[in-house]
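Numbers here are sequence positions counted from 1. Predicted, not measured: the structure shown is a model, and the values here were computed from it.
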Amino acid sequence: MADERREGYDGTGEGAITPDGCAVEVWSRLPVGDAPDVIEAAVPPGARILELGCGVGRMTHPLTDRGFTVTAVDESAEMLARIRPGVRTVRSPIEELDLGERFDVVMLASFLVHAGDVTVRRGLLETCRRHVGEDGCVLVQREGEDWHRNVPRENRIGPDAWSRLVSATPVGDGVDSVRFEYTFPDGTWTQTFLSRPLDTEAFEQALAEADLVVERYLTADRTWVRARPVL
């Protein structure tokens with residue numbers, strides 16, 4: 001499986017760059033924030049979790065430390081190489097995944113639901129639906145509703161490190177080309193990707209197309225969502 005860059009996605013900087021423009025070195029350094037706390041509070045103790053787009057394991061490792069059994073999926077071999085030994089990993093594009101298994105929890109984080117290509121987004125959510133148990137749930141991380149308008153902006157990600165959303169430029173059909181820059185004392189990396197803003201109505205409609213329905217929003221900013229399958 002070749003790591004070919006997806007159309008409209010790019011990245012620069014030292015080290016491996018994934019098909020969607022992510023720099024493996026950057027994702028190895030980014031803080032995980034409160035995401036593991038949000039997830040732990042929303043799912044049963046010891047649940048079996050299918051993590052779609054696990055990257056280097058920023059959430060995989062805290063969740064396994066808390067007693068969850070995680071199957072970590074990513075299309076990048078370089079990302080999966082950073083996952084700890086003992087964690088089950090699967091290399092595959094998310095939209096093509098079919099493990100023939102059901103999980104207590106399926107997790108689609110990192111704003112992947114905002115894929116610029118509607119066909120890809122549908123494939124992502126169909127993968128979620130295909131793998132969630134009847135009594136299970138799907139956790140989705142979505143962008144804030146002003147995310148593409150509040151530009152440029154920056155966040156401190158370390159003592160001398162910053163992430164900057166440099167631009168979100170419309171490219172047609174409701175899609176923006178988004179450019180991020182990450183600066184550390186020893187280097188600078190960039191990522192450019194396509195993102196489709198989804199307000200609450202459009203987001204819930206996208207879930208409905210995959211036979212999923214919002215159960216509740218997990219955070220005050222409504223960026224973490226617990227959905228359930230429509231039976």
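- Taking 4.5 Å as the limit, some side-chain heavy atom of Pro229 sits within range of a side-chain heavy atom of Arg129.
- Looking at Arg48, its side chain never comes within 3.5 Å of a backbone N or O of Thr71 through a donor-acceptor pair.
- The CG atom of Leu108 lies 6.5 Å from the CG atom of Leu125; values are rounded to the nearest 0.5 Å.
- Side chains of Met79 and Cys22 form a contact here, defined as non-hydrogen atoms less than 4.5 Å apart.
- Heavy-atom minimum distance, Ser28 versus Arg82: OG-NH1, 2.7 Å.
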Pair Leu30-Ile157, side chain to side chain contact (heavy atoms under 4.5 Å, CB included): steps then yes or no: CA-CA 7 Å; Leu30 290 178; Ile157 54 176; 3.6 Å; yes

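- Taking CD of Glu75 as the start and CG of Asp20 as the end, the distance is 6.0 Å to the nearest 0.5 Å.
- Nearest heavy atom pair, residue Gln191 against residue Gly21, reads CG-O, 3.2 Å.
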Before giving the answer on side-chain hydrogen bond (donor to acceptor under 3.5 Å, both in side chains), spell out for Thr190 and Thr12 the whole-Å C-alpha distance, their side-chain angles and the decisive distance to 0.1 Å. CA-CA 5 Å; Thr190 69; Thr12 65; 2.6 Å; yes

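- A salt bridge links Arg66 with Asp37: the distance from a Lys NZ or Arg NE/NH1/NH2 to an Asp or Glu carboxylate oxygen falls below 4.0 Å.
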Yes or no on side chain to side chain contact (heavy atoms under 4.5 Å, CB included) for Thr192 and Phe180, after CA distance, side-chain angles and deciding distance? CA-CA 6 Å; Thr192 302; Phe180 263 91; over 6 Å; no

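- When every heavy atom of Ile94 is checked against every heavy atom of Gly53, the shortest pair comes out as CD1-N, 3.6 Å.
- Within the structure, every pair that satisfies the salt bridge (charged side-chain N to carboxylate O under 4.0 Å, His left out) test and touches residues 132-144, not counting sequence neighbours, is listed here: Arg142-Glu145.
- Put simply, OG on Ser163 and CH2 on Trp189 are 13.5 Å apart, with the number rounded to the nearest 0.5 Å.
- Val214 and Ile39 fall into different hydrophobic clusters, where Ile, Leu, Val, Met, Phe, Trp and Tyr side chains are chained together by heavy-atom contacts under 4.5 Å.
- Taken to the nearest 0.5 Å, the CZ atom of Phe203 stands 7.0 Å off from the NE2 atom of His114.
- With hydrophobic clusters built from ILVMFWY side chains whose heavy atoms lie under 4.5 angstrom apart, Leu207 shares a cluster with Tyr217.
- A donor-acceptor pair under 3.5 Å is absent between the side-chain atoms of Tyr9 and the main chain of Pro19, judged by distance alone.
- For the pair Leu80 and Val90, the tightest heavy-atom approach, listed with the atom from each and the gap, is CD1-O, 3.7 Å.
- At least one donor-acceptor pair closer than 3.5 Å links the side chain of Arg153 to the backbone N or O of Asn150.
- Side-chain atoms of Leu63 and Met107, non-hydrogen and from C-beta on, do get closer than 4.5 Å to each other.
- Hydrophobic clustering of Ile, Leu, Val, Met, Phe, Trp and Tyr side chains at less than 4.5 Å, counting indirect connections, keeps Phe111 apart from Leu165.
- Pairing each heavy atom of Asp176 with each of Pro197, the nearest pair is OD2-CG, 4.0 Å.
- Counting only distance, with no hydrogens or angles, the side chain of Thr219 and the backbone of Trp224 share a donor-acceptor pair below 3.5 Å.
- Between Glu95 atom CD and Leu52 atom CG the span is 10.5 Å, to the nearest 0.5 Å.
- You'll find the side chain of Val43 reaches within 4.5 Å of the side chain of Cys137, heavy atoms only.
- Between Arg179 and Asp10 no salt bridge is recorded (no basic side-chain N to carboxylate O distance below 4.0 Å).
- Looking only at distances, a side-chain donor or acceptor of Arg156 sits under 3.5 Å from a matching main-chain atom of Pro159.
- A salt bridge is defined here as a Lys NZ or Arg NE, NH1 or NH2 lying under 4.0 Å from an Asp or Glu carboxylate O, and Asp117 with Arg122 fails to meet this definition.
- Looking at Asp104 and Pro44, their side chains never come closer than 4.5 Å, going by heavy atoms from C-beta outward.
- Annotation: side chain of Val24 is in contact with side chain of Val56 (closest heavy-atom distance under 4.5 Å).
- Here the side chain of Glu215 pairs no donor or acceptor atom with the backbone of Ala227 at under 3.5 angstrom.
- Looking at Arg29, its side chain never comes within 3.5 Å of a backbone N or O of Gly158 through a donor-acceptor pair.
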Show your working on side chain to side chain contact (heavy atoms under 4.5 Å, CB included) between Trp27 and Thr18 and close with a plain yes or no. CA-CA 11 Å; Trp27 285 89; Thr18 68; over 6 Å; no

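- Side-chain contact between Phe193 and Arg6: absent, with no pair of heavy atoms (C-beta onward) separated by less than 4.5 Å.
- A donor and an acceptor atom, one from each side chain of Ser76 and Asp74, are nowhere located under 3.5 Å apart.
- Under the 3.5 Å distance criterion, the side-chain polar atoms of Arg102 are left unmatched by any main-chain donor or acceptor of Gly133.
- In this structure, Leu139 is not a member of the same hydrophobic cluster as Val132, with clusters built from ILVMFWY side-chain heavy atoms closer than 4.5 Å.
- When atom types are taken as modelled, the side chain of Asp173 and the backbone of Val175 share no donor-acceptor pair closer than 3.5 angstrom.
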Stepwise side chain to side chain contact (heavy atoms under 4.5 Å, CB included) check, Arg226 with Val105: CA-CA 10 Å; Arg226 176 179 162 129; Val105 180; over 6 Å; no

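- Atom CZ of Arg130 sits about 7.0 Å away from atom CG of Leu97, to the nearest 0.5 Å.
- A heavy-atom distance below 4.5 Å is found between the side chains of Val87 and Thr64.
- Closest heavy-atom contact between Thr60 and Glu51: OG1-OE1, 2.5 Å.
- The backbone N or O of Gly136 lies less than 3.5 Å from no partner atom in the side chain of Arg228, so there is not a single donor-acceptor pair.
- Hydrophobic clustering (side-chain heavy atoms under 4.5 Å, transitive across Ile, Leu, Val, Met, Phe, Trp, Tyr) groups Val138 together with Leu112.
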